[in-house]
Amino acid sequence: QVQLVESGGGVVQAGGSLRLSCAASGLTFSRYGMGWFRQAPGKEREFVAAIRWIGGSTYYADSVKGRLTISRDRARNTVFLQVNSLKPEDTAVYYCAAKASYGSSWPQGGYDYWGQGTQVTVSS
């Protein structure tokens, strides 16, 4: 059974930082790519960042490039998202996702498994 469990969200002032974690289990990690998405109130879910489990190549949405860093700890089966210089518009539920194969939709779409999300609220 695949499980993705996010943590690390919270309320933070603008300009602050957060480190989100996604603990994964039940995956054959050598075949998977991992991604982070977010959904703000009243908006569609959007791609934020992704990483290849093997090799560690990273991918970012243009809107967040330079402020976010995705990484993984292979020993702990955990993916991280470091978010710096937070803005009120970063307020959203952040989701971790796993994709079983790369293909043409990588890294923005076609994910197979999702976590329950963690709320990030940025106050001005």
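In what follows, residues are counted from 1 in the order of the sequence shown. As the structure is a computational prediction, the values presented were derived from the model and not from experiment. Side chains are part of it too, since the values below use all heavy atoms of this structure and drop only hydrogens, waters and symmetry mates.
Here the CZ-CD distance, from Arg67 to Gln82, works out to 11.5 Å after rounding to the nearest 0.5 Å. The distance from atom CG of Leu18 to atom CG of Leu81, rounded to the nearest 0.5 Å, is 9.5 Å. Put simply, OG on Ser21 and CZ on Phe80 are 4.5 Å apart, with the number rounded to the nearest 0.5 Å. The CG atom of Leu4 lies 6.0 Å from the CG atom of Leu27; values are rounded to the nearest 0.5 Å. Rounding to the nearest 0.5 Å places CD1 of Ile51 at 9.5 Å from OH of Tyr59. Between the OG atom of Ser25 and the CG atom of Asn77 there is a distance of 8.0 Å, given to the nearest 0.5 Å.
Looking at Tyr32 and Arg52, their side chains never bring a donor and an acceptor atom within 3.5 Å of each other. Between the side chains of Ser124 and Lys87, no donor-acceptor pair of N or O atoms lies under 3.5 Å. Using a 3.5 Å distance cut-off with no hydrogens or angles, the side chains of Asp73 and Thr78 do not pair a donor with an acceptor.
Side chain of Ser57 to main chain of Gly55: no donor-acceptor pair is present (N/O by atom type, distance under 3.5 Å, no hydrogens or angles). Counting only distance, with no hydrogens or angles, the side chain of Asp112 and the backbone of Ala100 share a donor-acceptor pair below 3.5 Å.
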Worksheet item: Could you go step by step and tell me if Val79 and Ile70 meet the side chain to side chain contact (heavy atoms under 4.5 Å, CB included) rule?
Response: CA-CA 7 Å; Val79 178; Ile70 188 171; 3.9 Å; yes
Item to complete: Step by step, work out the side chain to side chain contact (heavy atoms under 4.5 Å, CB included) result for Tyr111 and Trp106.
Response: CA-CA 9 Å; Tyr111 285 75; Trp106 172 260; 3.4 Å; yes
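Listed by chain and residue number, nothing satisfies the ring pair (Phe, Tyr, Trp, His ring centres under 6.0 Å) test with Tyr113 (two or more places apart in sequence, or in another chain).
Residues Pro107 and Ala50 share a closest heavy-atom pair of CB-CB, 3.6 Å. Listed here is the closest heavy atom pair of Gly110 and Ser105: CA-OG, 3.9 Å.
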Donor-acceptor pairs are to be reported for all side-chain atoms of residues 33-48 against protein atoms at under 3.5 Å, with residues two or more places apart or in another chain.
from	atom 1	to	atom 2	distance (Å)
Arg38	NE	Glu46	OE2	2.6
Arg38	NH1	Asp90	OD1	2.8
Arg38	NH1	Tyr94	OH	3.0
Arg38	NH2	Glu46	OE2	3.2
Gln39	NE2	Lys43	O	3.1

Show every donor-acceptor pair shorter than 3.5 Å between a side-chain atom in residues 5-13 and any protein atom, with sequence neighbours excluded, or say none if there are none.
from	atom 1	to	atom 2	distance (Å)
Glu6	OE1	Gln116	N	3.0
Glu6	OE1	Gln116	NE2	3.4
Glu6	OE1	Gly117	N	2.9
Glu6	OE2	Cys96	N	2.8
Glu6	OE2	Gly117	N	3.2

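For the pair Glu89/Val122, no side-chain contact is recorded, criterion being any heavy-atom separation below 4.5 Å from C-beta on. Looking at heavy atoms from C-beta onward, Thr118 lies in side-chain contact with Leu20 at the 4.5 angstrom threshold.
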